[in-house]
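Working notes, beginning with the structure itself.
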Amino acid sequence: MTSRRFNRRVVFMLLLFAVFLMPLIARAALYAAGDAPRSWRDADWSSTGALPAAKDYGPARLVVFTGATGAWKAIFSVHSWVVFKRAGETRWTRYDVVGWGSPVRRNGWPADGRWYGNVPATLVDVSGAEAESVIPKVEAAVRDYAYAANGDYRIWPGPNSNSFTAAVLRAAPELKTALPANAVGRDYRRGLYAGFTDSRTGVELSAFGLAGIKAGWIEGFEVNLLGLVAGFDLRYPALKLPGFGCVGMTPPVATEANS
């Protein structure tokens with residue numbers, strides 16, 4: 001009996017290593033072999049040109065971006081931010097949360113700027129009447145964000161930049177989207193949580209964002225261990241691996257047409 005228990009423990013530990021640590025080791029090796037900027041001073045933060053000048057774009061629009069982080073954090077996570085404009089406005093408004101000074105930053109960088117030199121991916125892009133209906137909810141979520149005071153930011157397990165964007169997305173479940181699996185901090189909540197997933201298409205059980213499990217149509221199936229997420233997506237078949245996010249089919253950008 002003792003031998004069987006020992007064997008089960010060994011199998012369990014090997015499974016944890018394979019699922020949660022091996023992907024990180026591979027991700028670290030890729031980072032070490034690459035030429036990504038090692039410091040924010042060396043990185044390009046300029047606009048990618050993905051968005052038109054606000055004055056040249058009449059309708060309302062809301063975009064959520066994610067971009068690979070810099071230095072050692074790039075092994076684990078992406079950074080995320082929110083951009084919007086109302087109809088007729090001549091300037092984009094961008095909100096991020098960062099780890100120095102006042103966490104919530106407004107227009108700290110170009111709306112579609114590179115993050116640590118990395119071209120961002122678009123997670124959400126809605127315009128017109130749908131954007132007009134969602135933007136007030138986004139503004140309220142930014143205004144009411146619970147961790148906006150100096151000293152509130154924590155890189156791990158949160159609240160961090162992804163905790164902020166996740167809070168914004170929860171305020172607009174009609175977008176039917178969620179941050180990628182490698183957005184460390186997105187699952188952070190103060191205390192225990194049992195309820196709907198961020199997209200409200202499934203259910204979730206989580207403890208401080210450090211451990212949890214969720215299953216939903218948008219989120220797929222995920223297991224969170226110390227902020228690292230593994231799982232799979234059936235809607236757009238893919239594996240979810242720590243450090244890499246999704247390996248397989250990439251979900252399309254959430255727009256009015258497909259959300």
- Taking only residues at least two apart or on different chains, which pairs with a member in residues 100-110 satisfy side-chain hydrogen bond (donor to acceptor under 3.5 Å, both in side chains)? Tyr95-Arg106

- Note on the structure: In this structure, OG1 of Thr165 is separated from CZ of Arg170 (nearest 0.5 Å) by 10.5 Å

- Query: Is there side-chain contact between Pro103 and Arg154, with at least one heavy-atom pair below 4.5 Å?
  - Reply: no

- Query: Honestly curious: do Leu169 and Phe84 fall in one hydrophobic cluster under the side-chain, below-4.5 Å linking rule?
  - Reply: yes

- Query: Can you get from Ile218 to Met249 by hopping between Ile, Leu, Val, Met, Phe, Trp and Tyr side chains that sit under 4.5 Å apart?
  - Reply: no

- In this structure, CG of Asp144 is separated from CD of Glu139 (nearest 0.5 Å) by 11.5 Å

- Message: Considering only residues two or more places apart or on different chains, which pairs with a residue in residues 205-218 satisfy side-chain hydrogen bond (donor to acceptor under 3.5 Å, both in side chains)?
- Response: Asp187-Lys214

- Message: Could you check whether any side-chain heavy atom of Val134 comes within less than 4.5 Å of a side-chain heavy atom of Leu175, counting everything from C-beta outward?
- Response: yes

- Message: Please give me the minimum heavy-atom distance between Ala146 and Asp152, naming the atom from each residue.
- Response: O-OD2, 4.0 Å

- Item | Nearest atoms (heavy-atom pairs only) where Ala171 meets Lys137 | O-CD, 3.5 Å

- Query: How many angstroms lie between CG in Asn182 and CG in Leu241, if you round to the nearest 0.5 Å?
  - Reply: 10.0 Å

- Item | Shared hydrophobic cluster, Tyr31 / Phe20 (ILVMFWY, side-chain heavy atoms < 4.5 Å) | yes

- Query: Below 4.5 Å, heavy atoms only, C-beta onward: do Ser163 and Val97 meet side chain to side chain?
  - Reply: no

Could you list the donor-acceptor pairs under 3.5 angstrom formed between side-chain atoms of residues 220-231 and any protein atom two or more places apart in sequence or on another chain?
unit_1 : atom_1 : unit_2 : atom_2 : d
Glu222 : OE1    : Arg186 : NH2    : 2.3
Glu222 : OE2    : Arg186 : NH2    : 3.4
Glu222 : OE2    : Lys240 : NZ     : 2.6
Asn224 : OD1    : Gly227 : N      : 2.8
Asn224 : ND2    : Gly209 : O      : 3.0

- Message: For Phe164, run the ring pair (Phe, Tyr, Trp, His ring centres under 6.0 Å) check against Tyr153, Tyr145, Tyr188 and tell me which one passes.
- Response: Tyr145

- Are Val168 and Tyr193 grouped together when hydrophobic residues (ILVMFWY) are joined by side-chain heavy atoms under 4.5 angstrom apart? no

- Task: Can you see which heavy atom on Val126 is nearest to which on Ala131, and at what distance?
- Result: O-CB, 3.6 Å

- Task: Using atom types as modelled and distance alone, determine if a side-chain donor or acceptor of Asn162 lies under 3.5 Å from a backbone N or O of Val184.
- Result: yes

- Query: Is there a side-chain contact between Leu30 and Phe244, using heavy atoms and a 4.5 Å cut-off?
  - Reply: yes

- Do you know which two heavy atoms are closest between Glu204 and Arg189, and how far apart they sit? OE2-NH1, 3.4 Å

- Member of Thr69, Asp96, Thr66 meeting the side chain to side chain donor-acceptor pair (under 3.5 Å) criterion with His79: Asp96

- Closest non-hydrogen contact found for Arg94 with Pro110 is NH1-O, 2.5 Å

- Note on the structure: In terms of heavy-atom contacts, Ser161 and Ser80 come closest through O-OG, 3.8 Å

- Task: Could you pull out all residues at least two apart from Phe65 that satisfy ring-ring contact (aromatic ring centres under 6.0 Å, His included)?
- Result: Trp81

- Item | Heavy atoms of other groups near Phe196 CZ, more than 12 under 6.0 Å | no

- Task: Could you tell me whether the side chain of Trp115 and the main chain of Gly70 form a donor-acceptor pair under 3.5 Å?
- Result: no

- Working to the nearest 0.5 Å, report the span between CD1 of Ile75 and CD1 of Ile25. 11.0 Å

- Task: Indicate if Val119 and Trp92 have the same hydrophobic cluster label, given that clusters are the connected sets of ILVMFWY residues with side-chain heavy-atom separations under 4.5 angstrom.
- Result: no

- Task: Mind jotting down which residue pairs meet the side-chain hydrogen bond (donor to acceptor under 3.5 Å, both in side chains) criterion with at least one end in residues 14-29? Sequence neighbours excluded, please.
- Result: none

- If we only count heavy atoms from C-beta on, is the Arg190 to Tyr147 side-chain gap below 4.5 Å? yes

- Query: How many angstroms lie between OG1 in Thr177 and CD in Glu219, if you round to the nearest 0.5 Å?
  - Reply: 8.5 Å

- Message: Considering only residues two or more places apart or on different chains, which pairs with a residue in residues 52-64 satisfy side-chain hydrogen bond (donor to acceptor under 3.5 Å, both in side chains)?
- Response: Arg61-Asp125

- Do Arg91 and Lys85 come within less than 4.5 Å of each other through their side chains, counting heavy atoms only? no

- Taking atom CG of Leu62 and atom CD1 of Ile135, what is their separation to the nearest 0.5 Å? 6.0 Å

